[in-house]
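One structure is given here, and the rest of the page talks about it.
Remember, it's a predicted structure, so these values are computed and weren't measured experimentally.
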Amino acid sequence: MNAYLGDPRVLFAAERTLLAWQRTAIALMGFGFVVERFGLVLQTVLHESTGGSQRTFSLGLGVVLLLLGAVVALISARQFRQVVKALNPAVVPPGYWTNVGVVLNLTLALIALLLAVHFLAGVGVGT
């Protein structure tokens, strides 16, 4: 076993890294939402038909950013779990919930996927 895996600071460093990736995922998802909605605002302001190229571009880019945020959340959760599994169990404080960040990331990924599906399903209805 590596010496650093027995250092209690490694758990908290890994958790800070997970939180940084969570912020990145949230930023990507938020930007994707804004981009998608901005296309809808442009469509309304410019009185374009629902098939406008600007709307299609903003929808596509928004969905891609949402999905990228979901992927970032899932990958970072997996990486964190790998680090926690490799740690010496003695360095985890008793009663410390190491799964809270992972559950949050999974929830964020699910929300991003649901938003992407909602946006794509709304295309046919003319949202």
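- Put simply, the side chain of E36 never gets that close to the backbone of V63: no donor and acceptor are under 3.5 Å apart.
- L115 and V64 are members of different hydrophobic clusters when ILVMFWY side chains are connected at heavy-atom separations under 4.5 Å.
- Annotation: side chain of M29 is not in contact with side chain of L65 (no heavy-atom distance under 4.5 Å).
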Test log, rule side chain to side chain contact (heavy atoms under 4.5 Å, CB included), inputs W21 and V72: CA-CA 7 Å; W21 281 110; V72 166; 3.5 Å; yes

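- Using a 4.5 Å cut-off on side-chain heavy atoms (C-beta onward), S76 and T24 make no contact.
- With L11 as reference, V84 is the one residue of V84, N88, V83 to meet the side-chain contact (heavy atoms from CB on, under 4.5 Å) rule.
- Residues L18 and N105 meet the side-chain proximity criterion, which asks for heavy atoms closer than 4.5 Å.
- The two atoms that bring A112 and A70 nearest to each other are CB-CB, 3.8 Å, heavy atoms only.
- Annotation: the span from H118 atom NE2 to F33 atom CZ amounts to 8.0 Å, rounded to 0.5 Å.
- Counting all heavy atoms, side chain and backbone alike, L66 lies closest to A116 at CD1-N, 3.9 Å.
- Under the 4.5 Å side-chain criterion, counting only non-hydrogen atoms from C-beta, R37 is in contact with F119.
- Hydrophobic clustering of Ile, Leu, Val, Met, Phe, Trp and Tyr side chains at less than 4.5 Å, counting indirect connections, keeps L19 apart from V102.
- Under the 4.5 Å side-chain contact rule for hydrophobic residues, V117 and L67 do not share a cluster.
- Between Y96 and F12, the angle of the ring planes goes over 60°, which puts this pair in the perpendicular group of the 30/60° scheme.
- Each of L108 and V34 belongs to its own hydrophobic cluster when Ile, Leu, Val, Met, Phe, Trp and Tyr are linked at side-chain heavy-atom distances under 4.5 angstrom.
- For the pair T98 and R81, the minimum side-chain heavy-atom distance is below 4.5 Å.
- With hydrophobic clusters built from ILVMFWY side chains whose heavy atoms lie under 4.5 angstrom apart, F57 shares a cluster with L28.
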Take I111 and T107 through the test side chain to side chain contact (heavy atoms under 4.5 Å, CB included) and record every step on the way to the result. CA-CA 6 Å; I111 290 170; T107 304; 4.0 Å; yes

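- The closest side-chain heavy-atom distance from L74 to L106 is below 4.5 Å.
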